[in-house]
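Side chains included, hydrogens not; waters and symmetry mates left out as well; all remaining heavy atoms used. Below, read A as the first sequence line, B as the second, and so on, with proteins coming before strands; counting in each chain starts at 1.
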Amino acid sequence: MALHIYNSYTRNKELFEPVTPGHVGMYVCGPTVSGESHLGHARPYVTFDIVFRYLQFKNLKVRYVRNITDAGHFEEEGREAEDKVSKKAQLERLEPMELVQKYTNLFHWAMKEFNCIEPSIEPTATGHIVEQISMIEDIITKGYAYEVNGSVYFDVKKYAAHHDYGKLSGRILEDLIEAGNRESVSRDLEGQSEKRDSADFALWKAAPPEHIMRWKSPWGEGFPGWHIECSAMATKYLGAHFDIHGGGMDLLFPHHESEIAQSTICNHTAPVKYWMHNNMITINGRKMGKSYNNVIKLTEMFSGNHPLLTQAFHPMTVRFFILQSHYRSTLDFGNDALLASEKAFKRLWEAYEVLKKLSSEGNDIPSDKELDDKVNNWVNEFEIFMDDDFSTPKVIANMFELAPVINSLKDGIIPMKNISTNTLNRLKERFGVFLEDVFGLKNTDGNNNEVLKPVMDLLLDIRKEAKLKKDFVTSDKIRNQLTAMGIVIKDEKDGGTSWGVG
RNA sequence: GGUCCUGUGGCCGAGUGGCUAGGCAGAGCUCUGCAAAAGCUUCCACAGCGGUUCGAAUCCGCUCGGGACCUCCA
């Protein structure tokens, strides 16, 4: 089976063939640490964590680079050219780097909560000013950028004469120029007049006196432009041409389009073989974003401290919620949807716990060939579905098909002999690999508490004795009190009792 | 205004022209001292109108609705 990836650049599903056999270079646009991450931010990081994990499952060696944008991007010229990071810092009376540290820490905390594997390299923009400057110099030398008043701009028109500018984002240069010209009339004229053409974008920006974050450059003191950091760092760590570049769909233009232009000029080759873009998380049908004022921060998500939330949601619930839809579809947030995911995930995980305890020996021939085939088929499809552009929702659907079978095997509703030992073992192995290793899901309750376990064993033992004596007052008292404490107990068909927190 | 995406049952969501995705919620049943859990069964769909086709949620056209990008944005 071979992995196919939907390539945003060609708008087709393509067979994935690494540039260097056995190795994969993957770059994902990381967070701008000028504020707290919200639910929308969770999507790309969970999505590409799955990609990272799955590529490794496929026995590929992956170098996963995800940057931290800590230099702060200025806003569009025509408005105030202020550095977002330093602006906020002044408001909060913090050093810019103090702010950067705070939000970087918060971001890392959230990633850990989501059980996202750390990237191989997590470079910062401020740590690569030198690389960015030399890349800009290179572009100037090659004649595709020009300096004006200490700022450097990329010459889009010149680039577009011989390259496909706009292909990734489906844009036509003439439209951009027209739109730009129209804008410049109604907007500010100052910043615009510096550029030779409205479609040009900044590589380096001269810093006004009040700008705190500034670096020396051949063009005077300033700070890097919007897009150059990703190009510089991707090139440095992954080379001129690498496999996968990921990010949110909203980065297609201008960010990724510009990255392609810059890198192509510097490296004489298109930087990326497969462009991957995740879709947005919406809330009431609208993209979650600062400008819409409809964000739910991750801290609010995990604490339930938000008007739209009826309760706290565990990071694994959110992760599962994200995996239940395909990464290229919009995903509509709602409290009810999260509640549904919470229950669904719990049920699935409990089935998995049950599955781990099942065993059979020496049953070579299944008594129910049809069922045995079905199980094998569902299990085989895990990989087939993932190979088809990471269809996590389909894999989950199959897991839910398997859940009743697993539970029935345990309860004896389906005799163990109905499926072969091989089938059972394969089911156990694959279910675990996909649920834990590929999907990165993990247990959410506290059954592993070393202190609690013997206490629970004792209580359940007493309750069992009471039940045998038909002393239901005592047995119900234990059960009800435990329920009140948040511990749910379940009487199993085989006479045993299981329990769980939450 | 330009470019593109999208409209699936109470909610969230898969859907490659023909075979009920799945989850949550609802209803019934089985099991159970009672519950919970589990199992089984079941209700509720493909925005509208045309067209192509033996056959369309799936392809085409139109209408209506929603959204994204064109500005930092996951």
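When heavy atoms are screened at a 4.0 angstrom cut-off, A/Leu252 is found touching no nucleic acid atom at all. In this structure, A/Leu339 reaches neither bases nor backbone, as no heavy-atom distance under 4.0 Å exists between it and the strands shown. Residue A/Asn398 is out of contact with every strand shown, counting any heavy-atom pair closer than 4.0 Å. A/Tyr292 comes within 4.0 angstrom of the backbone, heavy atoms only, and of no base. Heavy atoms of A/Met280 sit under 4.0 angstrom from at least one base atom. Within the nucleic acid shown, A/His326 comes within 4.0 Å of sugar-phosphate atoms alone, with no base atom in reach, counting heavy atoms only. Across all strands, A/Ala344 comes closer than 4.0 Å only to sugar-phosphate atoms, never to a base (heavy-atom distances). Across all strands, A/Phe472 comes closer than 4.0 Å to base atoms (heavy-atom distances). Here A/Gly285 lies in heavy-atom contact (under 4.0 Å) with sugar-phosphate atoms only. Among the protein residues, A/Ser475 comes within range of the nucleic acid bases, having at least one heavy atom under 4.0 Å from a base atom. Note on A/Glu342: nothing from the nucleic acid sits closer than 4.0 angstrom, heavy atoms only.
Which of B/C69, B/A74, B/A37 sits closest to the side chain of A/Lys490 comes down to B/A37. Relative to the side chain of A/Ser391, the nucleotides B/A74, B/G15, B/G13 differ in distance, and B/G15 lies closest. Distances from the side chain of A/Asp411 to the nucleotides B/C34, B/A38, B/C72 place B/A38 closest. Each of B/G23, B/A74, B/G15 was ranked by its minimum atom distance to the side chain of A/Gln324; first place goes to B/G23. In this structure, the nucleotide among B/G22, B/A36, B/A25 sitting nearest to the side chain of A/Lys343 is B/A25. When each of B/A37, B/G39, B/G13 is scored by its nearest atom to the side-chain atoms of A/Ile413, the top-ranked nucleotide is B/G39.
A straight line from CD1 of A/Ile281 to P of B/C12 spans 14 Å, rounded to a whole angstrom. Summarising the geometry, the separation between CZ on A/Phe400 and P on B/G23 is reported as 7 Å, rounded to the nearest angstrom. The interatomic distance linking A/Leu355 (CG) with B/A38 (C1') rounds to 15 Å, in whole Å. If you measure from atom CG of A/Leu482 to atom P of B/A36, you get 17 Å, rounded to the nearest angstrom. Note: CZ (A/Arg11) to C1' (B/U3) measures 9 Å, nearest angstrom. A straight line from CG of A/Asp197 to P of B/C70 spans 18 Å, rounded to a whole angstrom. For A/Ile489 and B/U32, the CD1 to P distance is 18 Å, given to the nearest whole Å. The nearest whole Å value for the distance from the CG atom in A/Leu402 to the C1' atom in B/A38 is 16 Å.
Scored by the side-chain contact (heavy atoms from CB on, under 4.5 Å) test, A/His41 finds A/Ser37, A/His38, A/Tyr45 as partners (sequence neighbours excluded). Legend: residues meeting side-chain contact (heavy atoms from CB on, under 4.5 Å) with A/Glu353, ordered by chain and number and at least two apart, are A/Trp349, A/Lys356, A/Asn443.
Remark: the A/Lys287 side chain and the B/C73 base include a donor-acceptor N/O pair separated by less than 3.5 Å. For A/Asp491 against B/A35, a side-chain-to-base donor-acceptor contact under 3.5 Å is present. Contact of A/Asp336 with B/G10 (side chain to base): no donor-acceptor pair of N or O atoms is detected under 3.5 Å. In this model, a side-chain donor or acceptor of A/Arg479 finds a partner on the base of B/A35 within 3.5 Å.
Put simply, A/Asn278 has no side-chain N or O that comes within less than 4.0 Å of OP1 or OP2 on B/A74. Of the side-chain N and O atoms in A/Arg328, none sit less than 4.0 angstrom from OP1 or OP2 of B/C5. For B/C72, neither phosphate oxygen OP1 nor OP2 lies less than 4.0 angstrom from any side-chain nitrogen or oxygen of A/Thr32. Side-chain N/O atoms of A/Lys410 include none lying less than 4.0 angstrom from OP1 or OP2 on B/A37. For the pair A/Arg347 and B/C24, the criterion of a side-chain N or O lying under 4.0 Å from OP1 or OP2 is met. Checking the phosphate oxygens (OP1, OP2) of B/G2, no side-chain nitrogen or oxygen of A/Arg171 falls inside 4.0 Å.
In this structure, A/Arg66 forms no cation-pi arrangement with A/Tyr27, as its terminal cationic atom is not both closer than 6.0 Å to the ring centre and no more than 45° off the ring axis.
Paired with A/Phe114 under the rule ring pair (Phe, Tyr, Trp, His ring centres under 6.0 Å), one option of A/Phe48, A/Trp109, A/Phe302, A/Phe321 passes, and it is A/Phe302. Considering A/Tyr6, A/Tyr274, A/Tyr54 as possible partners of A/Phe16, the one that fulfils the ring pair (Phe, Tyr, Trp, His ring centres under 6.0 Å) test is A/Tyr274.
Ring geometry, A/Trp275 versus A/His256: the interplanar angle falls from 30° to 60°, so the pair is classed tilted.
The pair A/Glu350-A/Lys490 counts as a salt bridge, with a side-chain nitrogen and a carboxylate oxygen less than 4.0 angstrom apart.
Taking atom C1' on both B/C64 and B/U20, the two are 30 Å apart, rounded to the nearest angstrom. The gap from the C1' atom of B/A37 to that of B/C5 amounts to 43 Å, rounded to the nearest Å. One P atom belongs to B/G1, the other to B/G9, and the distance between them is 29 Å to the nearest Å. Straight-line distance between the C1' atoms of B/U32 and B/C44: roughly 31 Å, to the nearest whole Å. Using atom C1' as the reference point in both B/A68 and B/A74, the two lie 13 Å apart (nearest Å). Distance noted for atom P between B/G7 and B/A57: 14 Å (whole Å).
In this structure, A/Gln311 places its CD atom where more than 12 heavy-atom neighbours from other residues, nucleotides or ligands lie under 6.0 Å away. Within 6.0 Å of NZ in A/Lys297 there are 12 or fewer heavy atoms belonging to other residues, nucleotides or ligands. More than 12 non-hydrogen atoms from other residues, nucleotides or ligands lie less than 6.0 angstrom from NZ of A/Lys167. Enclosure of atom CG in A/Asn284 is not indicated, since only 12 or fewer non-hydrogen atoms of other residues, nucleotides or ligands lie within 6.0 angstrom.
Nearest heavy-atom pair, A/Cys230 versus A/His255, reported as atom, atom and distance to 0.1 Å: SG-NE2, 3.4 Å.
When both distances must be under 3.5 Å, the Watson-Crick or G-U wobble mate of B/G39 is B/C29. Base pairing of B/G7 is made with B/C64, judged by Watson-Crick or G-U wobble geometry with both donor-acceptor distances under 3.5 Å. Using Watson-Crick or G-U wobble geometry with both donor-acceptor distances under 3.5 Å, B/G1 finds its partner in B/C70. B/G17 is unpaired under the criterion used here, namely a Watson-Crick or G-U wobble arrangement in which both key atom distances are under 3.5 Å.
Near RNA chain B, meaning a heavy atom under 4.0 Å from it, residues 41-54 of chain A has A/His41, A/Pro44, A/Tyr45 in order of number.
Along RNA chain B, the nucleotide nearest to A/Asp250 and the one nearest to A/Ser169 differ in position, and the one closer to the 5' end is contacted by A/Ser169. The nearest heavy atom of RNA chain B to A/Leu331 and to A/Asp476 marks one nucleotide each, and the one closer to the 5' end goes with A/Leu331.
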